[in-house]
A.B. asks: 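Below: one structure in C-alpha cells.
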Amino acid sequence: MQTSAVPDLAHTHARPAHWLATAAAMACVVALAGLVRSEPATATAAPATHARQAPADAPAPDAATATYPLTCAGVPTAVPRTASGDLDGDGRPETVAAAHCQAGSGTPPQGLYVLTGAAGGARVVATLVAPGDALSVADLAVRDGVVTATLLGYSSPDVPRCCPDERRTVEWRWSGGTFLRTTATDS
C-alpha cells in the first residue's frame, strides 16, 4: 500500500462533535423549511380557443399607463383624447391616444399613438401622427376598426400657435400589417 504525501486532513477523521454539529444544523434547516408555507400547486386545463380570439370582456389599454415617445423637458405629458376599439381584428381592443407635453400657452403639437395592453400598463405600438408634424387632434373616434381624427394645423409659420387655421379629417385602417391613412369620406 502506498502512503499519501499529503498530511492528514481534519475532515477525514470525524469526531462525535462534528456529527452533533451537522445533525443540529440539519435540524435547523428542516425546522425552518416547515415554517415556510407555500400554496399548493394546482393545474387547470385551459379551454381550447382560436389563437386570434380574446376574452369578450378584455379591457382596453389605459392611456395613462403608457410611456409616450415625447421629449417634454421635465413637464408632464397630457392625454386629452382617447378612443378604443379592435383595430386589427384579433378580438382585443386597442386604444388610440392623442398626447402632448403640457404647455403654459398656445397649442402644443400632439402625437397620435396606438396602444396595446402590456404587462404593467399600455405600450405604444404605432405612431399615426408624429409631434413633429405640428398638428393637434380635435376629434377622435374608433368605429368598426377604423380610426377617424380631425387634425388641426397651420398654413404657414406666420399663423399664431394658438389658432390653427387648417382642418382635415383623416382615417386609418389596419391593412397588411400597417395602418394606412386616407382622407375621410362623408357617409
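Starting from 1, each residue takes its place in the sequence as its number.
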A.B. asks: Any idea which heavy atoms bring L115 and A97 closest together, and the distance?
C.D. replies: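 Closest approach of L115 to A97, heavy atoms only: CD1-CB, 4.1 Å.
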
A.B. asks: Using modelled atom types only, decide if a donor and an acceptor are shared between the side chain of T148 and the backbone of A141 within a distance under 3.5 Å.
C.D. replies: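 No.
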
A.B. asks: Please determine whether residues V125 and L112 belong to a single hydrophobic cluster, defined as Ile, Leu, Val, Met, Phe, Trp and Tyr linked transitively by side-chain heavy-atom distances below 4.5 Å.
C.D. replies: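 Yes, it is one cluster - the side chains of V125 and L112 are joined through contacts under 4.5 Å.
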
A.B. asks: Is D139 reaching over with its side chain to a backbone N or O of T150, donor-acceptor style, under 3.5 angstrom?
C.D. replies: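 No, because the side chain of D139 does not come within donor-acceptor range (under 3.5 Å) of the backbone of T150.
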
A.B. asks: Is a side-chain donor or acceptor of R181 paired with a backbone partner of L128 at a separation under 3.5 angstrom?
C.D. replies: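 Checked: no pair found.
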
A.B. asks: Please check this pair: side chain of Y68 against backbone of A63, looking for a donor-acceptor N/O pair closer than 3.5 Å.
C.D. replies: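 Yes: the side chain of Y68 pairs with the backbone of A63.
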
A.B. asks: Working to the nearest 0.5 Å, report the span between CG of L152 and SG of C163.
C.D. replies: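 If we round to the nearest 0.5 Å, L152:CG and C163:SG are 11.5 Å apart.
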
A.B. asks: Is the shortest heavy-atom distance from the side chain of H100 to the side chain of P80 under 4.5 Å?
C.D. replies: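 Yes, close enough: below the 4.5 Å cut-off.
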
A.B. asks: I'd like to check T77 versus Q102 (side-chain heavy atoms, cut-off strictly below 4.5 Å). Are they in contact?
C.D. replies: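 SC-SC contact between T77 and Q102 ruled out.
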
A.B. asks: Taking the side chain as every heavy atom from C-beta outward, state whether V147 and L140 have any pair of such atoms under 4.5 Å apart.
C.D. replies: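 Answer yes - side chains close enough.
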
A.B. asks: Determine yes or no for a side-chain-to-main-chain donor-acceptor pair under 3.5 angstrom, with T95 supplying the side chain and P61 the backbone.
C.D. replies: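 Checking the backbone N and O of P61 against the side chain of T95, a donor-acceptor pair under 3.5 Å is found.
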
A.B. asks: Does any part of the side chain of Y113, heavy atoms only, come nearer than 4.5 Å to the side chain of L70, both counted from C-beta?
C.D. replies: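 In contact.
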
A.B. asks: Working to the nearest 0.5 angstrom, can you tell me the gap between T182 OG1 and R173 CZ?
C.D. replies: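 Going from the OG1 atom of T182 to the CZ atom of R173 covers 6.0 Å.
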
A.B. asks: Give me the atom names and distance for the closest heavy-atom approach of V142 to S84.
C.D. replies: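 Answer, listing the atom of V142 first, then S84: CB-O, 3.8 Å.
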
A.B. asks: Atom CD of E166 and atom OG of S156: how far apart are they, to the nearest 0.5 Å?
C.D. replies: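 So the CD of E166 and the OG of S156 are separated by 9.0 Å.
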
A.B. asks: Working note: V96 + W172, criterion side chain to side chain contact (heavy atoms under 4.5 Å, CB included); need CA distance, chi angles, decisive distance, verdict.
C.D. replies: CA-CA 11 Å; V96 180; W172 290 267; over 6 Å; no

A.B. asks: Look only at the side chain of Q110 and the backbone of V137, and say whether a donor-acceptor pair between them is shorter than 3.5 Å.
C.D. replies: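 Checking the backbone N and O of V137 against the side chain of Q110, a donor-acceptor pair under 3.5 Å is found.
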
A.B. asks: Mind running side chain to side chain contact (heavy atoms under 4.5 Å, CB included) on E94 and D86 for me, showing each step along the way?
C.D. replies: CA-CA 6 Å; E94 287 78 29; D86 184 9; 3.6 Å; yes

A.B. asks: Under 4.5 Å between side-chain heavy atoms, hopping through other hydrophobics if needed: is there a path connecting V170 to W174?
C.D. replies: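 They do share one cluster, since a chain of ILVMFWY contacts under 4.5 Å joins V170 to W174.
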
